[in-house]
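The sequence lines fix the lettering, A, B, ..., with proteins before strands; numbering per chain opens at 1. Since the model is a prediction, treat every value here as computed from it, not as a measurement. All values below come from the heavy atoms of this structure, side chains included, with hydrogens, waters and symmetry mates left out.
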Number of protein chains: 2
Amino acid sequence: MPPTAAAGYELDPKLPIGAQVYGLLKRMIIGLVFKPNEALSEKELALRLGVSRTPVREALIRLAEETLVDVFPQRGTIVSPIRVAEVMEAQFLREALEAAVTRRAAEQPSAALIRDLSRLIDDQHHAANAGRPEDYMPLDDAFHRTISEGTGMPRSWRLIQGVKGQMDRVRFLSLPNKAHLLLLTEQHAEIFKAIETQDPDRAEAAMRHHLKEVLKTIHELASEMPAIFA
Amino acid sequence: MPPTAAAGYELDPKLPIGAQVYGLLKRMIIGLVFKPNEALSEKELALRLGVSRTPVREALIRLAEETLVDVFPQRGTIVSPIRVAEVMEAQFLREALEAAVTRRAAEQPSAALIRDLSRLIDDQHHAANAGRPEDYMPLDDAFHRTISEGTGMPRSWRLIQGVKGQMDRVRFLSLPNKAHLLLLTEQHAEIFKAIETQDPDRAEAAMRHHLKEVLKTIHELASEMPAIFA
DNA sequence: CGCAGCCTTATGCCATGGTAGTATCTCACT
DNA sequence: AGTGAGATACTACCATGGCATAAGGCTGCG
């Protein structure tokens with residue numbers, strides 16, 4: 001049994017290893033496979049993933065920039081606890097960025113953007129009715145990413161990705177059910193309609209409303225499970 | 001003569017080397033000591049700085065995330081050319097972020113924030129009258145940073161820093177003179193007054209106006225010096 | 001029993017060696 | 001002269017070894 005099996009994930013040796021490790025660790029942190037405050041050592045991760053410490057270290061540095069892990073020099077690295085203030089700041093910054101991008105998208109939407117968003121919402125309806133949150137998440141990402149990149153602002157998506165990790169951990173905790181997935185899809189549809197009809201005010205407002213969903217649950221979660229919060 | 005002297009900069013071996021190399025390279029790129037499209041090899045930089053390739057590599061990865069360098073696997077790394085579209089996107093995103101942060105700052109400004117901003121503007125007046133742009137830049141950074149951190153949003157400053165590098169290279173090209181430094185300081189003072197009097201609308205508008213300065217010069221610069229643009 | 005000091009163990013940080021991939025240059029061949 | 005193949009010289013990427021530092025346990029002293 002190869003050491004990689006211990007983690008339950010595999011890496012393709014032909015693709016850049018550092019990037020793969022980064023993506024893998026990020027998914028495991030957001031999916032709470034690695035719990036907040038859990039220790040993560042370079043050496044042990046390298047062993048379990050079957051790679052050397054170098055790409056693991058580089059992945060941890062990138063994750064530290066997103067504050068998904070906290071690195072303490074010469075002492076150790078841990079999965080960062082969920083800090084309420086930090087989640088709220090992430091939400092605030094994401095809303096500022098994505099409201100601006102969505103507004104611009106609605107000013108001059110390309111035909112390709114309209115087409116892509118429309119298809120994604122169809123897919124989301126299916127995934128939501130199937131009631132499988134793990135299938136829905138990639139489609140949710142794709143929707144927001146498409147707005148950014150389809151409006152000629154690829155960097156905005158990179159910035160959004162950098163802050164949304166904090167929010168995604170909270171979303172994962174609240175375990176969205178089928179009804180919630182359908183609600184999110186409805187909000188996506190509202191954003192889409194505003195873009196399609198070239199109504200910037202309505203598009204911005206719809207996106208702001210959509211992004212405030214996380215705030216509804218965070219405070220009760222913080223009191224329910226104090227162990228994983230800061 | 002130590003190899004570090006060749007670059008004209010020194011590193012302190014007691015402090016984290018990776019972070020120092022990152023800061024040093026970033027300043028040299030923004031200050032156009034390293035010209036756009038210039039090749040940067042891990043090995044040569046390590047040699048000239050008197051450190052190993054590892055911290056240099058880590059610094060280049062971070063710079064690549066800000067698109068200040070372009071890394072081509074197995075081929076080489078170059079200082080990224082100045083891409084007009086990218087500068088404009090950076091300006092757009094920074095304006096979205098900082099407008100939102102400044103608005104919030106004006107809603108509930110702390111006494112410490114008022115005090116710190118006031119002092120910084122005094123310092124800026126002196127530096128502007130002295131007419132030394134290289135002394136002014138750190139004070140400009142400090143002003144924007146203070147608004148972010150003094151409003152309890154430390155992460156916003158990190159995001160802003162990540163995008164402003166692209167803008168700073170353009171600003172450096174336009175070589176601000178004394179009159180321009182005084183203009184910037186006046187704009188800072190206007191932002192400050194709006195925060196102090198708790199006028200969010202005015203604060204946001206003043207910040208947006210301030211951040212649009214770069215756009216005035218970029219197009220003429222692009223046609224004047226095509227060699228360093230994409 | 002409590003506390004100060006050593007010592008063991010672990011960590012992340014930096015240095016360096018080896019590898020696979022790419023571009024360029026040389027030279028034989030047409 | 002022009003072209004294509006092979007050798008060569010680079011690159012960034014990954015692996016691994018040695019280092020200083022920080023934390024926790026142990027021991028001996030008060």
Checklist entry - Between the base of dT16(C) and the side chain of Thr54(B), is there any donor-acceptor pair under 3.5 Å? => result yes
Checklist entry - How many Å lie between CZ on Arg57(A) and P on dT16(D), as a whole number? => result 17 Å
Checklist entry - Where each residue is assigned the nucleotide of DNA chain D containing its nearest heavy atom, which of Lys43(B) and Pro16(A) is assigned the position nearer the 5′ end? => result Lys43(B)
Next on the checklist: So, does Arg75(B) get its side chain near the phosphate of dT11(D), meaning an N or O under 4.0 Å from OP1 or OP2?
Outcome noted: no
Checklist entry - Taking atom P of dC13(D) as reference, at what distance in whole Å does atom OH of Tyr22(A) sit? => result 17 Å
Checklist entry - Separation of Ile17(B) atom CD1 from dA20(D) atom C1', in whole Å? => result 12 Å
Next on the checklist: At less than 4.0 Å, is any side-chain N or O atom of Thr77(A) found next to OP1 or OP2 of dT11(C)? Yes or no.
Outcome noted: no
Checklist entry - OP1, OP2 of dC14(C) versus side-chain N and O of Ser52(B): anything below 4.0 Å? => result no
Checklist entry - Counting any heavy atom closer than 4.0 Å, what does Ile61(A) reach on the DNA or RNA strands: base, sugar-phosphate only, or nothing? => result nothing
Checklist entry - Under 4.0 Å between a Lys/Arg side-chain N and an Asp/Glu carboxylate O for Glu65(A) and Arg158(B)? => result no
Checklist outcome for this item: In whole angstroms, the gap separating P of dT11(D) from CG of Leu47(B) amounts to 11 Å
Item to check | Plane angle bin for His210(B) and His188(B) - parallel if under 30°, tilted between 30 and 60°, otherwise perpendicular | outcome: perpendicular
Next on the checklist: Could you tell me how far apart Ile78(B) (CD1) and dT11(D) (C1') are, to the nearest whole angstrom?
Outcome noted: 14 Å
Checklist outcome for this item: When Arg53(B) and Pro73(A) are each assigned the nearest nucleotide of DNA chain C, the 5'-most assignment goes to Pro73(A)
Next on the checklist: Tell me whether the side-chain N or O atoms of Gln74(B) pair up with the base of dG21(C) as donor and acceptor below 3.5 Å, since no angle test is needed here.
Outcome noted: no
Next on the checklist: Can you confirm whether Arg115(B) is buried at CZ, in the sense that more than 12 heavy atoms of other residues, nucleotides or ligands lie under 6.0 Å from that atom?
Outcome noted: yes
Checklist outcome for this item: Atom CG of Asp70(B) and atom C1' of dA12(D) are separated, to the nearest Å, by 14 Å
Next on the checklist: Both Lys14(A) and Gly18(B) contact DNA chain C. Which one's nearest nucleotide lies toward the 5' end?
Outcome noted: Gly18(B)
Checklist entry - So does Lys43(A) have more than 12 non-hydrogen atoms from other groups sitting under 6.0 Å from NZ? => result no
Item to check | salt_bridge(Glu98(A), Arg208(A)) N-O dist < 4.0 Å | outcome: no
Next on the checklist: Using whole Å, what does the distance between atom C1' of nucleotide dG21(C) and atom CG of Leu15(A) come to?
Outcome noted: 14 Å
Item to check | Spacing between Glu58(A) atom CD and dG12(C) atom P, to the nearest angstrom | outcome: 15 Å
